[in-house]
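What you are looking at is a predicted structure, and each value in this text was computed from that prediction instead of being measured. The chain is numbered in sequence order, starting from 1. All ligand and atom numbering here is 1-based and tracks the order in the structure.
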Amino acid sequence: MPIYKAPVADVLFLLSDVFQVGRYDNLPGFADASADIREAILSEAAKFCEEVLTPLNRAGDREGCRRHGDGSVTTPEGFKQAFKQYGDGGWMGISAPVEFGGQGLPKTLTVAVNEMMGSANMAFSMYAGLTQGALAALILHGTSEQKAAYVPKMVAGRWTGTMNLTEPHCGTDLGLLRTKAVKQSNGSYTLTGTKIFISAGEHDLSENIVHLVLARIEGAQPGVRGVSLFVVPKMLPNADGSLGRRNDVVCGSIEEKMGIHGNATCVMNYDGAIGWLIGEENRGINAMFTMMNGARLGVGVQGLALSEVAYQNAAAYAKDRLQGRALTGAKFPNQAADPIIVHPDVRRLLMTIRAFNEAARALILWTALQSDVAHHSGDDKVRQAADDHMGLLTPVIKGVLTDVGFANTVLAQQIYGGHGYIAEHGMEQFVRDARIAMIYEGVNAIQALDIVGRKLPKDGGRALQAFFGEVSAYMKTQAADETMGPYIGPLATALGHLQQATMWLMQNALAKPDNAGAGATDYMHLFGLVALGYMWCRIVQAANAKLAGGEGDAARMKAKLVTGRFFMERMLPETAAHLARIQSGAASTMELPAEAF
Ligand SMILES: Cc1cc2nc3c(=O)[nH]c(=O)nc-3n(C[C@H](O)[C@H](O)[C@H](O)COP(=O)(O)OP(=O)(O)OC[C@H]3O[C@@H](n4cnc5c(N)ncnc54)[C@H](O)[C@@H]3O)c2cc1C
């Protein structure tokens, strides 16, 4: 059975030493999340993930979800008890406001816990993740009555949430959606239409399911400007908060799919279901974006989570599996062969995954911290800068971490040879589970277009200039430190490539938008590499400081210096290839007529 050990020490190092979270103690919740509390929460979450969720992962994949004739859905054995434990343990509400029964702690902690849950059992973690997304939208856009009716029960894990965007003919292009909402005399709406691919749309884990649904109010204009957001509970709540009658929404079928078998992917039929508007009419996309930004960060976390658990298993296998001899002569002459970890190519695979994971975790936590600042800082300028960071980095995290996270599960599978392809070791499940993260919450092509088409030009390029400014200023502060030379030099080259790519797009994509479309994915990955390279510099700087101070685990800190060097020497140079592809423009991509394909 696959193993999993939650990276608690790494998260604590990143929070305390790299990002020095103590600096944020002026923000609500941060002072309460002292070093001791952080360690206690993360260690407890680790225990839950390692002991409860990990053992359910393979069994859940094999058993899958089952739909019954009445439209009800049963999740795999053990999920229900585990979800109760999750709710009772207060995990859903770590960062939810205290007034709704949450613990009011930084969102950063929830994000760290979500990585562990995703590694341990991605299918299970989605029931919680979607609820957190729905909570964010309700808290920000709901009326006080809506908040009172739904939020405390969702925070307690008694009710769960979903997001209903997709329809059979309408995926990426939400402007096409047809689900219809008709206003009733009492202010509510009736919703009619079919939504497909709805994660956690029906299941047996909670007393009620709160669907957030995009629909078009009768008579509203076509396109995304005519789309509104509604809350449509499976069970209609009575005025006293108890459960009333069943609403007219039912799961018509569940999909057979490649992975995440423990998560029910449902066709949801709305047949005059009662719902209430969230936010303003025709502003549904805006309200949904609140949910989607959090969810996109969450999906990026899934990319890392799968890459991490695949790495841990591959590393253990590489130390155990005996095949061949080291090129430099037998390392274990008393054994029939050396363990495959002696082979440079196996090392290449392991180091590639590891060097990505550690920096990706830093990038996620850094961005989660900015999300806390964006929500809670009292200083307008600071809040705006944090919001800019979120807007710019969220699509990078979603797109890059899921593309590379999936690729890394394949690299980890490769370390098992044929044993990775068969089901016994669980590696093929990681590959299958990781694949969806590149598709849902906006396919990765859309993340790339979001960066190039919207985020770069937004506010005259303010967010991008701030990012360039931060990385450049950081490099200057490190210029005199010789030990940082092997890291700062490659980062400077990579940043130069990103700046050249940005300039090229500004000069060549406005008049010819295909140049932007053809280069967008390369630009996103180029951006991701620079951001990860910057994270590695910060990690190395903090590791150096710990080593100089004689603190902490010296072997772990020295390993960071080596892993960071591997990233700089063997991964960051890919920025040059991305730049060359972007600068080649769209001509060869677009020249063939459609009939030629
Ligand atoms: C397991 C699973 C769970 C899901 N969970 C949910 C959920 O909970 N709620 C929900 O609402 N939806 C959910 N989805 C739906 C998912 O978000 C969509 O599948 C996704 O947004 C893509 O839409 P589509 O499948 O219609 O593909 P299409 O939009 O038809 O896209 C097809 C291809 O064309 C490309 N493409 C399309 N438009 C453009 C463009 N403008 N520029 C460049 N390329 C483009 C895409 O990249 C893709 O490669 C889920 C899907 C799956 C499979």
K.L.:
Might you confirm whether atom CZ of Arg432 has over 12 heavy atoms from other residues, nucleotides or ligands at distances under 6.0 Å?
P.N.:
yes
K.L.:
List the closest protein heavy-atom neighbour of atom 46 (C) of ligand 1: residue, atom name, distance to the nearest 0.1 Å.
P.N.:
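Closest protein heavy atom to atom 46 (C) of ligand 1: Val443 CG2, 3.7 Å.
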K.L.:
Nearest 0.5 Å please: distance from the CG atom of Leu456 over to the CG atom of Leu392.
P.N.:
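Answer rounded to 0.5 Å: 7.0 Å.
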K.L.:
Tell me, which protein residue and heavy-atom name are nearest atom 44 (N) of ligand 1, and how many Å apart are they?
P.N.:
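Protein heavy atom at minimum distance: Ala445 CB, 4.0 Å.
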K.L.:
Looking at non-hydrogen atoms alone, which of Leu449, Ile436, Thr265 comes nearest to atom 53 (C) of ligand 1?
P.N.:
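When every heavy atom of Leu449, Ile436, Thr265 is considered, Ile436 comes closest to atom 53 (C) of ligand 1.
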K.L.:
Do protein heavy atoms approach atom 2 (C) of ligand 1 to less than 4.0 Å?
P.N.:
yes
K.L.:
Using distance alone, with no hydrogens and no angle criterion, decide if Asn508 and Asn515 have a side-chain donor and acceptor under 3.5 Å apart.
P.N.:
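Asn508 vs Asn515: no donor-acceptor pair found between side chains.
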K.L.:
Do any non-hydrogen protein atoms sit less than 4.0 Å from atom 13 (C) of ligand 1?
P.N.:
yes
K.L.:
Around atom NZ of Lys84, are there more than 12 heavy atoms from other residues, nucleotides or ligands closer than 6.0 Å?
P.N.:
no
K.L.:
Run down the list Leu130, Ile198, Thr166 and name the one with the heavy atom closest to atom 18 (C) of ligand 1.
P.N.:
Thr166
K.L.:
For the pair Arg581 and Asp522, evaluate salt bridge (charged side-chain N to carboxylate O under 4.0 Å, His left out) and give the outcome as yes or no after the intermediate values.
P.N.:
CA-CA 7 Å; Arg581 285 200 285 264; Asp522 276 296; 2.9 Å; yes
K.L.:
Please determine, by modelled atom types, if Asn444 and Thr402 share a side-chain donor-acceptor pair under 3.5 angstrom.
P.N.:
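The criterion, which ignores hydrogens and geometry beyond distance, is satisfied for Thr402 and Asn444.
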K.L.:
Is there a heavy atom of Ile446 sitting under 4.0 angstrom from any atom of ligand 1?
P.N.:
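Checking ligand 1 against Ile446, which is what was asked, there is a heavy-atom contact under 4.0 Å.
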K.L.:
What's the separation between atom NE2 in His375 and atom CD1 in Ile139, rounded to the nearest 0.5 Å?
P.N.:
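One finds 10.0 Å between NE2 of His375 and CD1 of Ile139.
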K.L.:
Which residue supplies the protein heavy atom nearest to atom 20 (C) of ligand 1, what is that atom called, and how far is it?
P.N.:
Ile439 O, 3.8 Å
K.L.:
Considering only protein heavy atoms, which is closest to atom 8 (O) of ligand 1, and at what distance to one decimal place?
P.N.:
Ser199 N, 2.9 Å
K.L.:
Give the numbers and elements of all ligand 1 atoms closer than 4.0 Å to a heavy atom of Met163.
P.N.:
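Matching atoms, with element in brackets: 7 (C), 8 (O), 9 (N), 10 (C), 11 (O).
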K.L.:
Does atom 49 (O) of ligand 1 have a protein non-hydrogen atom under 4.0 Å from it?
P.N.:
no
K.L.:
Quick one: does atom 36 (N) of ligand 1 have a protein heavy atom under 4.0 Å from it?
P.N.:
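Within 4.0 Å of atom 36 (N) of ligand 1, no protein heavy atoms are found.
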K.L.:
What part of Thr172 sits under 4.0 Å from ligand 1 if we count only heavy atoms: the side chain, the backbone, both or neither?
P.N.:
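It is both backbone and side chain that touch ligand 1.
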K.L.:
Check whether any protein heavy atom sits under 4.0 Å from atom 10 (C) of ligand 1.
P.N.:
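It does: a protein heavy atom is found less than 4.0 Å away from atom 10 (C) of ligand 1.
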K.L.:
Considering only the protein, which heavy-atom contact is closest to atom 24 (P) of ligand 1, and what is its distance?
P.N.:
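For atom 24 (P) of ligand 1, the nearest protein heavy atom is Gly171 CA, 3.9 Å.
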K.L.:
Just to confirm my output: which protein heavy-atom neighbour is closest to atom 19 (O) of ligand 1, and how far is it?
P.N.:
Phe197 CD1, 3.8 Å
K.L.:
Any non-hydrogen protein atom below 4.0 Å of atom 32 (C) of ligand 1?
P.N.:
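So atom 32 (C) of ligand 1 lacks protein heavy-atom neighbours under 4.0 Å.
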K.L.:
If we count only N and O atoms by modelled type, under 3.5 Å, do the side chains of Ser371 and Lys107 hold a donor and an acceptor together?
P.N.:
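Lys107 and Ser371 do not have a side-chain donor-acceptor pair below 3.5 Å.
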K.L.:
Is the side chain of Arg67 donor-acceptor paired with the backbone N or O of Cys251 at a distance under 3.5 Å, no angle test?
P.N.:
yes
